[in-house]
4 protein chains.
Amino acid sequence: MSQTTARRVRQAAIELFATRGFHGTGIRDLAEAAGLSSATLYHYMGTKEDLLVSIMRTSLERLVTAAKQVTSDVPDPLDRVSRLVALHVLTHASQQLETRVVDGEIRALSDARRSEIIALRDEYEAFWQSAIDDGCSRGSLRPSSRRVARLALLEMCSGISRWYSPDGPFTLDDLACRYVEMALGLLGATDPLPKRELGPVHAVMAAVWGD
Amino acid sequence: MSQTTARRVRQAAIELFATRGFHGTGIRDLAEAAGLSSATLYHYMGTKEDLLVSIMRTSLERLVTAAKQVTSDVPDPLDRVSRLVALHVLTHASQQLETRVVDGEIRALSDARRSEIIALRDEYEAFWQSAIDDGCSRGSLRPSSRRVARLALLEMCSGISRWYSPDGPFTLDDLACRYVEMALGLLGATDPLPKRELGPVHAVMAAVWGD
Amino acid sequence: MSQTTARRVRQAAIELFATRGFHGTGIRDLAEAAGLSSATLYHYMGTKEDLLVSIMRTSLERLVTAAKQVTSDVPDPLDRVSRLVALHVLTHASQQLETRVVDGEIRALSDARRSEIIALRDEYEAFWQSAIDDGCSRGSLRPSSRRVARLALLEMCSGISRWYSPDGPFTLDDLACRYVEMALGLLGATDPLPKRELGPVHAVMAAVWGD
Amino acid sequence: MSQTTARRVRQAAIELFATRGFHGTGIRDLAEAAGLSSATLYHYMGTKEDLLVSIMRTSLERLVTAAKQVTSDVPDPLDRVSRLVALHVLTHASQQLETRVVDGEIRALSDARRSEIIALRDEYEAFWQSAIDDGCSRGSLRPSSRRVARLALLEMCSGISRWYSPDGPFTLDDLACRYVEMALGLLGATDPLPKRELGPVHAVMAAVWGD
DNA sequence: GATGAATGAGAGTTCATTCAT
DNA sequence: GATGAATGAACTCTCATTCAT
């Protein structure tokens, strides 16, 4: 199974699922985008849903791995939140199509598949909740509600995949920093805000996404 | 043309489009949910896309009207932002299915229809940008970027339609107030935050959505 | 649902399933034979398998009903066997396509459907076994094995649907009588063989198959 | 071309064609059952239809050869019929899958191929007709119709391949004897029935089928 | 106002077969 | 001798839509 063709199929699926949605993308669209006949497509995937699940799983597993690495052995909850925000923003901007699929097409999954994906998503979000909770316990964060704060924060950060364009006026790092700032404001951070270093986040991302 | 049947069709469409997506909803699903045959459905709508457009247009037009009313003659930009956040959160929670359709199915529109809807959305978002810009000019808001702030803020607020449940621990007004707080934090509001009154927002909503 | 169109679909299915087999018959073949588009076909049936099951069920239910009526209150087992043979031969010749489908396409059914149909077939064959067993108990039949005799007898009689042609030299009643003779010979009937009357069998058939 | 692989392919085809039918068996099923890839399959066969024809031809040619040997220089038509019945029953039980394919999948052949196979079948059945006709001429058989008797007799005997199981209570020789009895009864044999010897039939079968 | 009947187009998927390696 | 890759055609079935009644 040619590795590059498989990748082309995957990439075509990400692009089409992201822009037209899973149900709005036909098998023949997929085949054309990948430069194959629709029959050949089936050498490189199971069903259309299998392909969607595979994209989602890979993406979420990487996110979980990165979230763990970026927060482990980081005692300060504000640091942890900042790193999670940066990680999330950077991936949702640089992998914007993929993340849009993950965030937006869960409803297209059959029940059996959905629960697996949702479990992964929950695993990832637990890192956020834990950081927020710790920040509250230590008094360095004062959100009006911990759970609502997590939800609002995640929606704000995920949203970037819906509007980001590399042609915009900001670099990715710029954006990440601004989002960290907004996030801490949103969470009612009490401390003065020192400039956070994105170095460790970049290192983790390179390890997890790089080949 | 029975008014109530027409409303049933519309309501069925909102529910199905919101939960399964436009392309994931078949005409037969729609007919069944409305208690009609699929042929009869066509007495109450044009094409499936017409129905979607109509739902979106109504929803956005109300939002534009309400945003105008809620901000007109309100000099303080923080007040304006607060009212817009409250309006947005209240509608995205109480009309969560409808707003999910508006926010999530724009890509399903054909080019011609999409531009009309996007124009309406832009008209609405202009109220936000104006309030934020004014706040910056006056120094009462210090976001890192005016445009990014608007986008992040809107995503955060719209997100509520994706997770809100009336069974949750908070009342709608509670939620609205918390979101106002988070929004002002996010925007780097410099002033102490007085408790904002939701009264005017409720009045406008009753006028615009009430029947 | 037009009764006559439904019948046309059914008839087309019987003809095609009988001559080409279930798996050898495409939905488009079916539609063409019925004079419909393949989409319209689905107004008159569920799945292709549903259609097959329906044909089989109707046919077997009639056979069971007829077998019951033709043997009830008939004390002499030789009479019962003779009537069953006549009934079977007459139906397998006059409904030769339908019976070929019933006998030959059971393997095409999914497990769930197959068990229902096999239960009907077993119910029908029980009338045969009972008549043969009674004949043996009374000493008027002397087959070498009751079970093998039933199987051999049924295969012999069912076979008629595979070669019968209305253009042949024999009338249906002729054939039925000859088969009764052969059957009694096969079963080792000890009595002299009086000419059996087909009258009651015809009456039952008219009641069960006639409209 | 490995002899054993070729045999494995043939055996897989016999099993699948017999249980699912020709049209119900896919090339991939065949490949999997033979332990090959579907491409490799084509080293051992022509088209799927070629494979079917080859199975049928081999089987029928053996049957014709055996029928000739088993009846040549046998003057008594009852002996000839008895030997044909025994031969047919023994092969249809011990080669039940193969014979099921031969008897049941003729309709799957294209016109050109079908005529060849039908010619072989007719050649085989001629031995039966000749024996029956001779028995009638000599007065030792009294069927009601010579042709109908042949058809009924063959259907009865062939049927064994549809229900025989080696786990059943009878040995093959048992079954063969019982079928001879039933056959002679069916044909209205007038003589007392001496026990027939299966020895010559077994000898011929060993010569024709043995390797 | 309502619907059964109808359909061309297209859905996702599998078909038997070929061929370069 | 074996197979991964490829495909046009076909598969069963559903799509959104129309129209006569």
Side-chain angles (χ1 to χ4, degrees), chain A residues 1-6 9 22-31 34-52, chain B residues 1-2 4-6 22-31 34-52, chain C residues 1-6 9 22-31 34-51, chain D residues 1-6 9 22-31 34-51:
Chain A
M1 183 142 87
S2 156
Q3 195 57 42
T4 69
T5 305
V9 169
F22 179 74
H23 288 307
T25 302
I27 277 295
R28 281 160 183 82
D29 302 328
L30 222 44
L36 299 170
S37 77
S38 67
T40 305
L41 208 56
Y42 282 86
H43 269 281
Y44 297 94
M45 56 178 236
T47 65
K48 199 174 76 152
E49 191 185 20
D50 288 340
L51 183 54
L52 174 60
Chain B
M1 183 146 86
S2 155
T4 69
T5 303
F22 179 74
H23 288 306
T25 301
I27 280 290
R28 279 161 185 77
D29 303 327
L30 226 42
L36 298 170
S37 76
S38 64
T40 307
L41 210 56
Y42 282 86
H43 276 277
Y44 296 95
M45 57 178 236
T47 66
K48 199 173 81 153
E49 191 184 21
D50 288 340
L51 182 55
L52 174 61
Chain C
M1 182 144 88
S2 156
Q3 195 58 41
T4 71
T5 305
V9 168
F22 180 74
H23 288 307
T25 302
I27 279 293
R28 279 164 182 79
D29 302 328
L30 223 43
L36 299 170
S37 77
S38 66
T40 306
L41 208 56
Y42 283 85
H43 268 280
Y44 297 95
M45 56 178 235
T47 65
K48 200 175 76 153
E49 191 185 20
D50 287 341
L51 182 54
Chain D
M1 183 146 85
S2 156
Q3 194 58 41
T4 69
T5 304
V9 168
F22 179 74
H23 288 306
T25 302
I27 280 290
R28 277 159 186 79
D29 302 327
L30 226 42
L36 299 169
S37 77
S38 64
T40 307
L41 210 57
Y42 282 86
H43 276 278
Y44 296 95
M45 56 178 238
T47 66
K48 198 173 81 154
E49 191 185 21
D50 288 340
L51 181 56

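Quantities reported herein were computed from a predicted structural model and do not represent experimental measurements. The figures that follow rest on heavy atoms only: side chains count, while hydrogens, waters and symmetry mates do not. Numbered from 1 within each chain, the chains take letters A, B, ... in sequence-line order.
- The nearest whole Å value for the distance from the NZ atom in C:K48 to the P atom in F:dT14 is 14 Å.
- A donor-acceptor contact under 3.5 Å links the side chain of A:R28 to the base of E:dG12.
- Remark: C1' of E:dG10 and CD1 of B:I27 are 16 Å apart, rounded to the nearest angstrom.
- One can place CG of A:L41 at 11 Å from P of F:dT7, the figure rounded to the nearest angstrom.
- Rounded to whole angstrom, the span from the CD atom of C:Q3 across to the P atom of E:dG4 amounts to 15 Å.
- Between the CG atom of C:D29 and the P atom of F:dA9 there is a distance of 17 Å, rounded to whole Å.
- Under 4.0 angstrom from either OP1 or OP2 of E:dT7 there lies at least one side-chain N or O belonging to C:T40.
- The residue C:S2 sits close only to the backbone: its heavy atoms come under 4.0 Å of sugar-phosphate atoms, none of a base.
- Across all strands shown, C:S38 has heavy atoms under 4.0 Å from base atoms, whether or not it also approaches the sugar-phosphate.
- A straight line from NE2 of A:H43 to C1' of E:dC15 spans 12 Å, rounded to a whole angstrom.
- Listed pair B:Y42 / E:dT3 fails the phosphate criterion, with no side-chain N or O lying under 4.0 Å from OP1 or OP2.
- If you measure from atom CD of B:E49 to atom C1' of F:dT17, you get 14 Å, rounded to the nearest angstrom.
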